[in-house]
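Letters A, B, ... mirror the listed sequences (proteins, then strands); counts begin at 1.
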Protein chains: 2
Amino acid sequence: MEGPHPGPAPPSPPAPAVAATLQDVARLAGVSAKTVARALNGEPNVRDATRERVARAAAALRFRPNRLARELRQGARTGAVGLVIGGLENPFYSHLAAGVERALRAEDLELVIASTDDDPERERAVVQTMLERRVRALLVVPVAEDHRYLEGERSAGTPLVFVDRPPTGLAADVVLWDNRTGVRQAVDALVAAGHRRIAVIADRIANFTARERLAAFREAARAHGLGLEPRLLVVDVHDVPAARATALRLLAAPEPPTAFFGLNNRITVGVVAALLTTGGAQAVVGFDDFDLAEALGTTVVANDPAAMGGRAGRLALARLAAGPGLPEQVLLPATLVRRGSGERGPAAAAPSRAAAALA
Amino acid sequence: MEGPHPGPAPPSPPAPAVAATLQDVARLAGVSAKTVARALNGEPNVRDATRERVARAAAALRFRPNRLARELRQGARTGAVGLVIGGLENPFYSHLAAGVERALRAEDLELVIASTDDDPERERAVVQTMLERRVRALLVVPVAEDHRYLEGERSAGTPLVFVDRPPTGLAADVVLWDNRTGVRQAVDALVAAGHRRIAVIADRIANFTARERLAAFREAARAHGLGLEPRLLVVDVHDVPAARATALRLLAAPEPPTAFFGLNNRITVGVVAALLTTGGAQAVVGFDDFDLAEALGTTVVANDPAAMGGRAGRLALARLAAGPGLPEQVLLPATLVRRGSGERGPAAAAPSRAAAALA
DNA sequence: CTGAAAGCGCTTACAG
DNA sequence: CTGAAAGCGCTTACAG
């Protein structure tokens, strides 16, 4: 923008072996440290000439302020927010993280991410490390079964937001899906389309999400007078290959299901993969959206992980700005959406287009 | 593990309004700060009785050491590594980040992530912030067109690793795909299957990756004596909907392509979506793997972003341990893989199974 | 085995 | 408009 575009690389000033400090700049500019701080931080009460001299000295030394030092002085809190998730391989979590990151940009806060791999021990370890780093706020998709270990932190005022699943034994902010409504709509649609033998596949049942969605399914099924065949309820299915294998097994058994309900995106993708392979004409409904849902005509409960992350991030920022208050529970919509061109009947009933074609 | 499992929540000790410091612990334990540090950090030369007294005092005060202070004293560098990527919504980047995170665990380093949205200005801004935070090492998927702004940092010894694309105007470590081999294999397979009218869709052409892959395609096409129809080479296609729209447009034109080559995962998914919608029988080959590639029988150049992230992370750790050396260029394999059951002929030639069925 | 003093690189709270 | 002193919460480098 300013200055001529450099032709051949200008002879770079001899790089200091070690980073220059504000004191170095002060010495070179012939002023005090305080004046350097004023000049560089855009504070008032600096003569233009002084300001310029400082700027030149800083540039010559390639001065880069040390945020650790600044933040230590300003209250021993870092300018980063911590996010603890299951793992970035799962698009649910990565989209969630993307939403959080975007929310933090508004306040120029950084994002520290750690994965738990759904291991409660790791959750405690990474949370501990983040708290030692004094993150400004902490967002957690919890896996531990007891969060009383965070009570001290909560009462100390660190904004603590739980995401996707509530904490146990701790009153804190939490952002959740309206799982019950999503599940009920899915079951309603399947039943309306005539399905009675619905296979339900869930993730690790130790987690709140799987339990709540499964409970909601049981309730909805009961309401519709469906018998619950235990063999059609499979839990602890955590990744795409496992879900695919589960679906294949169910399809190969006598009296296979006429429909599948995948309780998260990894599971639904696995089920779809199985149906594409076998050419089965079973209906599929999935919780969470996924890449090819629309093209494959798969009906999904279309929650939006990025929106959830954004909501959680903004909640943390609000706490930061306004101080703690009564813990809040935010319920985000998760409603059934028919993906695809819509030229066919009720999605839940219609076999996915590709699967039908393959039959 | 130790102590009885708590029944009703034990009366929690009155939480301190503000975090306890090491000095507070020292006062309560009746020892000096140095002794507290020794006891809590597991250093030798502390009597067992003292160690225990300190531990009790720390527990009573819920003492949590402040890493900012520790790290400031220990050289003003944080225990985190910075990762700058395009955006977490893209599975390529999120898998890359997952690989980096896993590599860092070995050294108990944390991970700070920032997205550029492929904006050079943002790259500079987030890199600047990370350097001010004094990250131990910096991993960057670059978008800027000039990286001389990092020369000072490089010569100061901060491990700097570029990922997926090389830096410009700066000698630094870089981890890349063997794009040429991957592209050549893809074109070879398509030509061997009889394709002459191959549509190629690329991401933002300002980026190295798109340029290199497109150049490799041109070269391979020339080697096979294929004419290059400009209308079949589409660039600056950045997301799934755009890729889908592009494919639909090409299919609707006179003399549509008989095959598509998607130069990254977002594009390939969009092309597959288009073919699933239209029922087209065109062949598809994609750069980068994607979720349903196997089930859909799509042939892909199967690179592994998590492996790339892991390699880049380990390279940074090695620099950290051994100090700088000559910049290294790591070329990771990216080779054609036939996804799917393999019961059909050369993948590249065969229309994807679902697409065929839909025809 | 233990402690007093100094310092990491900034900002705060004053004083002029 | 400018600066000297103290301090954030730890660890380093000594001394005993």
Side-chain angles (χ1 to χ4, degrees), chain A residues 16-55 57-58 61-79 129 131-136 156 158, chain B residues 16-55 57-58 61-79 128-129 131-136 156:
Chain A
V18 65
T21 70
L22 187 140
Q23 283 292 355
D24 298 330
V25 177
R27 227 167 347 246
L28 183 59
V31 297
S32 74
K34 180 61 216 172
T35 297
V36 174
R38 267 192 279 258
L40 262 29
N41 295 339
E43 292 169 35
N45 294 335
V46 187
R47 260 198 318 196
D48 278 356
T50 309
R51 206 180 281 279
E52 235 174 86
R53 200 142 37 85
V54 169
L61 296 173
R62 295 175 183 285
F63 172 65
R64 208 179 325 255
N66 186 320
R67 290 196 182 220
L68 271 77
R70 160 183 293 186
E71 291 164 351
L72 176 61
R73 189 60 185 88
Q74 289 180 330
R77 277 213 170 265
T78 186
T129 299
L131 293 177
E132 287 183 3
R133 183 160 306 293
R134 300 295 194 270
V135 289
R136 280 283 166 78
T158 307
Chain B
V18 63
T21 71
L22 189 139
Q23 283 293 354
D24 298 330
V25 177
R27 229 170 342 250
L28 182 59
V31 297
S32 75
K34 180 62 214 173
T35 296
V36 173
R38 267 193 280 257
L40 260 31
N41 295 339
E43 292 169 36
N45 293 336
V46 187
R47 259 199 318 197
D48 279 358
T50 309
R51 205 179 283 278
E52 234 173 88
R53 200 141 37 85
V54 170
L61 296 173
R62 296 175 181 284
F63 172 65
R64 208 178 328 254
N66 186 320
R67 288 194 185 223
L68 271 77
R70 160 183 293 186
E71 291 164 352
L72 176 61
R73 189 61 185 85
Q74 289 178 333
R77 277 210 170 268
T78 186
Q128 173 76 12
T129 300
L131 293 177
E132 288 183 1
R133 183 160 307 291
R134 299 297 195 270
V135 289
R136 280 281 167 78

Where chain A begins and ends its contact with DNA chain D, read 5' to 3' at 4.0 Å from heavy atoms: D/dC1 to D/dG9
Quick check: closest heavy atoms across A/T21 and A/D24, and the distance to 0.1 Å? N-OD2, 2.8 Å
In whole Å, measure the gap between the P atoms of D/dC1 and C/dA13 for me. 22 Å
Note: for B/R47 and B/L72 on DNA chain C, the residue whose nearest nucleotide lies more 5' is B/R47
Nearest heavy-atom pair of A/L22 and A/F63: which atoms, and what distance? N-CE1, 3.3 Å
Measure from the side-chain N and O atoms of A/R53 to the backbone N and O of A/A29, and report whether any donor-acceptor pair falls under 3.5 Å. yes
With a 4.0 Å cut-off on heavy atoms, is B/N66 in touch with a base, just the backbone sugar-phosphate, or nothing at all? sugar-phosphate
Can you check whether A/V54 reaches A/R38 side chain to side chain, under 4.5 Å on heavy atoms? no
Sub-4.5 Å side-chain heavy-atom contact between A/N41 and A/R70: yes
Please determine whether a side-chain nitrogen of the Lys or Arg among A/R133 and A/E71 lies less than 4.0 Å from a carboxylate oxygen of the Asp or Glu. no
Base, sugar-phosphate or nothing for B/R38? Non-hydrogen atoms, less than 4.0 Å. base
Return whichever of B/Q74 or B/R51 has its heavy-atom-nearest nucleotide of DNA chain C closer to the 5' end. B/R51
Counting only Watson-Crick pairs (N1-N3 plus N6-O4 or O6-N4) and G-U wobbles (N1-O2, O6-N3), all under 3.5 Å, who is the partner of C/dC14? D/dG3
